[in-house]
Amino acid sequence: MTIAPATPASKVPIATSLGEPPFVTNRALLKWISDIAALTQPERIHWCDGSQQEWYELTREMIAQGVLIPLNPELRPDSFLVRSDPDDVARVEDRTFICSLKKEDAGPTNNWRNPEEMNTELRGLFAGSMRGRTMYVVPFSMGPLGGPISQLGIQLTDSPYAVLNMRIMTRMGFDALALIDDKTPWVPAVHSVGFPLVDHDGNRTDDVVWPSNLTKYICHFPESREIWSYGSGYGGNALLSKKCFSLRIGSYMGRQEGWMAEHMLILKLTSPENKAYHVAAAFPSACGKTNLAMITPTIPGWKAETIGDDIAWLRPGSDGRLYAINPEAGFFGVAPGTGEKTNPVAMHTVWGNTIFTNVALTDEGDVWWEGMTEEVPEHLVDWRGDDWTPDSGRLAAHPNSRFTVPIQQCPTLSSDWYESEGVPLDAIIFGGRRATNIPLVAEALDWEHGVFIGATVSSEQTAAAEGTVGDLRRDPFAMLPFCGYNMADYWQHWLDMGTTMGANAPKIYQVNWFRKDDKGHFLWPGFGENSRVLEWICRRIDGDAAVTDLPIGRVPAEGSLNLEGLEIAPSSMEQLFAVDPAMWSAECDLTERFFDQFGSRVPPVLTTQLTALRKRLT
Ligand code: GTP
Ligand code: SPV
Ligand code: MN
């Protein structure tokens with residue numbers, strides 16, 4: 001198949017053939033690729049088969065270009081360090097757009113643009129944006145290939161770094177491509193770093209280690225289920241399977257089709273009595289999902305197994321229960337704070353085959369970041385490539401530096417991850433990073449109260465996105481930056497799902513590992529000790545744990561939370577569950593103002609919940 005060059009007179013070498021593998025006959029798919037190639041004018045088109053050979057060739061090329069820094073193979077085999085441009089280190093929420101036909105359908109918490117206008121703008125930006133580069137065709141499946149909850153997508157990208165990451169994060173390659181026939185729905189996603197190597201006159205410029213553009217656009221067209229991302233090579237801006245597809249487009253699809261796409265980890269717990277439980281937990285970015293997903297319980301007899309650490313797709317099964325899959329195939333985890341003490345499972349997972357982005361390099365050719373070891377190396381090369389010593393007075397790794405690693409390397413991976421039907425959820429947990437007010441754990445009174453708790457989650461901003469770290473912000477269901485439609489309609493969808501499931505719905509809990517004393521110290525030891533809270537939740541599911549009713553929910557009765565072997569002052573325990581009526585009244589005022597943003601679209605059930613909470617507080 002040959003495509004006509006967009007600018008016939010130009011001296012720019014562009015791909016003249018799609019070079020599709022012979023088994024690809026889907027005309028819509030081929031037309032889309034040919035249209036995007038005509039627009040972006042890449043020099044070559046490469047169809048990613050996902051093979052080891054392809055990985056070898058790509059990495060060899062990127063090492064030669066100085067893009068990948070191979071780590072010491074004895075310490076970290078088949079692993080690389082990548083340093084991004086210092087202007088391209090996290091998701092860019094102010095450049096993220098939901099381009100629904102109606103502005104109200106994006107809602108007040110999303111940036112909205114008229115789809116037609118945005119389309120025109122994007123076409124201008126993407127015109128010739130891949131000149132001099134290879135356009136990679138990256139077919140992928142979210143969830144097991146052909147599974148009933150799984151979905152297919154194709155990302156076109158000019159970033160080989162994105163390709164290597166997509167190969168880890170998704171089931172990528174020809175197996176996924178082969179599933180896309182004329183009748184199978186798939187999500188098209190276009191990505192360019194916005195750094196062409198050849199100008200209109202055919203003049204070449206040198207490439208840089210991390211090509212990107214100061215102008216960035218992360219755009220979603222929910223009604224046509226399309227994704228267009230321009231200008232960034234980093235994380236959720238560039239791995240379009242993750243937030244763009246699995247959450248923003250996914251949440252929109254879920255509402256239409258009766259399922260849910262959530263920013264949740266999935267964990268399997270087995271009690272000393274050998275009973276299994278499945279829980280899903282939504283925490284905002286960099287608030288401990290990966291940690292909890294890989295928890296090493298400190299209480300005897302309990303076993304924890306990992307199913308997912310970031311995204312869950314939930315669907316009611318024929319038995320009326322809620323089933324969950326992790327659509328991803330890898331972890332894109334926060335590096336800083338990950339160490340043998342805080343997350344030994346993650347440390348073992350990244351033994352090799354790992355891409356590290358924006359961490360520090362040791363003199364031995366291994367990686368390091370703040371919190372990895374207690375002992376700080378005497379010399380490092382920091383994430384920007386500069387010499388670093390402990391008295392440099394700056395961080396060696398970027399606070400949002402990350403590792404990309406195949407999930408199958410996780411020593412605690414549950415065989416349930418392979419289960420295409422998903423696992424039935426017993427509990428859903430909402431959490432955030434809150435120094436005050438929110439208790440260590442509380443049980444929702446019922447589904448509607450649980451939805452109220454989810455809708456009012458707030459958290460201190462982390463480095464996972466641009467913004468002021470530490471600022472408190474509302475992050476309903478940890479989905480504020482990820483909901484592809486009006487957040488108030490999303491709350492209604494949650495309420496509707498509860499009605500569908502009735503008594504089979506999972507129980508809902510709220511947790512907070514981050515409450516502090518007046519000196520600013522964490523009151524709760526966290527990490528493996530969080531297993532005590534999980535144990536209490538499991539006991540509650542079985543009706544075996546006593547509760548005390550507080551205005552904000554049901555908390556463990558005196559002696560009901562297992563604190564055996566834990567040294568914690570009774571005063572700390574008291575503070576972890578303290579409810580200050582004045583502070584809570586202020587919290588309610590903020591909730592009211594937050595709800596007001598959504599006007600009449602706020603489900604009446606939630607305003608009733610707020611009134612009821614206020615009443616319980618007096
Ligand atoms: P995304 O990948 O951005 O969605 O984030 P995540 O929720 O998976 O975050 P992650 O698990 O990587 O946690 C990031 C930070 O939270 C790290 O710095 C951890 O040290 C810290 N953290 C995790 N669990 C706990 C805990 O129980 N207590 C305390 N104090 N910190 C924790
Ligand atoms: C998050 O910010 O929640 C992440 C990282 O999981 S990213 O993939 O960059 O969105
Ligand atoms: Mn996340």
Side-chain angles (χ1 to χ4, degrees), residues 66-72 75-76 79-94 161 208-214 216 231-238 284-288 290-291 332-343 346-347 350 354-404 433 435 459-473 514 516 519-522 526-527:
V67 175
L68 296 182
I69 301 169
L71 298 173
N72 183 334
L75 304 174
R76 209 67 69 172
S79 299
F80 306 97
L81 168 64
V82 182
R83 296 192 187 112
S84 83
D85 189 289
D87 283 322
D88 194 20
V89 292
R91 282 184 297 102
V92 282
E93 292 179 5
D94 60 334
Y161 167 83
V208 293
V209 164
W210 185 274
S212 59
N213 195 306
L214 286 175
K216 294 177 173 53
S232 170
Y234 201 89
N237 301 335
S285 302
C287 287
T290 304
N291 278 268
F332 182 62
V334 179
T338 308
E340 280 301 334
K341 286 231 175 86
T342 56
N343 194 344
M347 291 310 293
V350 300
T354 306
I355 301 169
F356 297 91
T357 307
N358 289 345
V359 302
L361 181 67
T362 69
D363 293 346
E364 295 74 42
D366 199 6
V367 286
W368 194 84
W369 50 77
E370 279 72 19
M372 177 168 153
T373 55
E374 250 164 68
E375 215 178 301
V376 178
E378 274 169 30
H379 176 261
L380 295 165
V381 177
D382 72 8
W383 68 277
R384 287 166 179 262
D386 297 328
D387 278 312
W388 184 96
T389 57
D391 49 17
S392 292
R394 33 174 231 275
L395 295 172
H398 186 277
N400 193 40
S401 56
R402 300 219 172 214
F403 51 81
T404 321
R433 199 179 270 269
S459 192
E460 288 143 26
Q461 167 107 36
T462 64
E466 293 197 324
T468 311
V469 172
D471 276 5
L472 192 68
R473 71 167 185 179
F514 300 92
K516 290 181 176 168
K519 290 194 196 73
H521 299 129
F522 288 121
F527 304 102

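Scope of the values below: all heavy atoms of this structure, side chains included, with no hydrogens, waters or symmetry mates.
One distance of note links CE of Met347 with CD of Glu340; it measures 5.5 Å at 0.5 Å rounding. Put simply, CZ on Arg83 and OG on Ser401 are 12.5 Å apart, with the number rounded to the nearest 0.5 Å. Considering OG of Ser79 and CZ of Phe403, their distance stands at 12.0 Å, rounded to 0.5 Å. Between atom CD1 of residue Ile69 and atom CG of residue Leu81 there is a gap of 4.5 Å, rounded to the nearest 0.5 Å. Annotation: the span from Asn400 atom CG to Arg402 atom CZ amounts to 4.5 Å, rounded to 0.5 Å.
Considering only heavy atoms from C-beta on, Asp387 comes within 4.5 Å of His379 through its side chain. Considering only heavy atoms from C-beta on, Leu361 comes within 4.5 Å of Leu71 through its side chain. A heavy-atom distance below 4.5 Å is not found between the side chains of Pro284 and Thr462. Between Met372 and Val359 the shortest side-chain heavy-atom distance does not fall below 4.5 Å. In this structure, the side chains of Phe356 and Arg76 come closer than 4.5 Å at one or more pairs of heavy atoms. When side chains are defined from C-beta on, Asp366 does not count as touching Asn72, because their heavy atoms never get closer than 4.5 Å.
Considering Thr373, Asp382, Thr362 in turn, Thr373 is the only one that fulfils the side chain to side chain donor-acceptor pair (under 3.5 Å) rule with Trp368. Exactly one of Tyr161, Trp210, Tyr234, Trp383 qualifies for a side chain to side chain donor-acceptor pair (under 3.5 Å) with Thr357. That residue is Tyr161.
Put simply, the side chain of Glu370 never gets that close to the backbone of Leu395: no donor and acceptor are under 3.5 Å apart. Between the Asn358 side chain and the Ser84 main chain, a donor and an acceptor come within less than 3.5 Å of each other. At least one donor-acceptor pair closer than 3.5 Å links the side chain of Thr342 to the backbone N or O of Gly337. Side chain of Trp369 to main chain of Ala335: a donor-acceptor pair is present (N/O by atom type, distance under 3.5 Å, no hydrogens or angles). Judged by distance alone, with hydrogens and angles left aside, the side-chain atoms of Ser459 form a donor-acceptor pair with the main-chain N or O of Arg433 at under 3.5 Å. Side-chain atoms of Asn237 come within 3.5 Å of backbone N or O of Ala90 as a donor-acceptor pair. Under the 3.5 Å distance criterion, the side-chain polar atoms of Arg384 are left unmatched by any main-chain donor or acceptor of His398.
Here the closest non-hydrogen pair linking Ser232 and Lys216 is CB-CE, 3.8 Å. The two residues Gly66 and Val209 make their nearest non-hydrogen contact at O-CG2, 3.7 Å. When all heavy atoms of Val334 and Pro399 are compared, the pair lying nearest together is CG1-O, 4.1 Å.
Checked by atom type, the side-chain pair Asn343/Thr338 shows no donor-acceptor distance below 3.5 Å.
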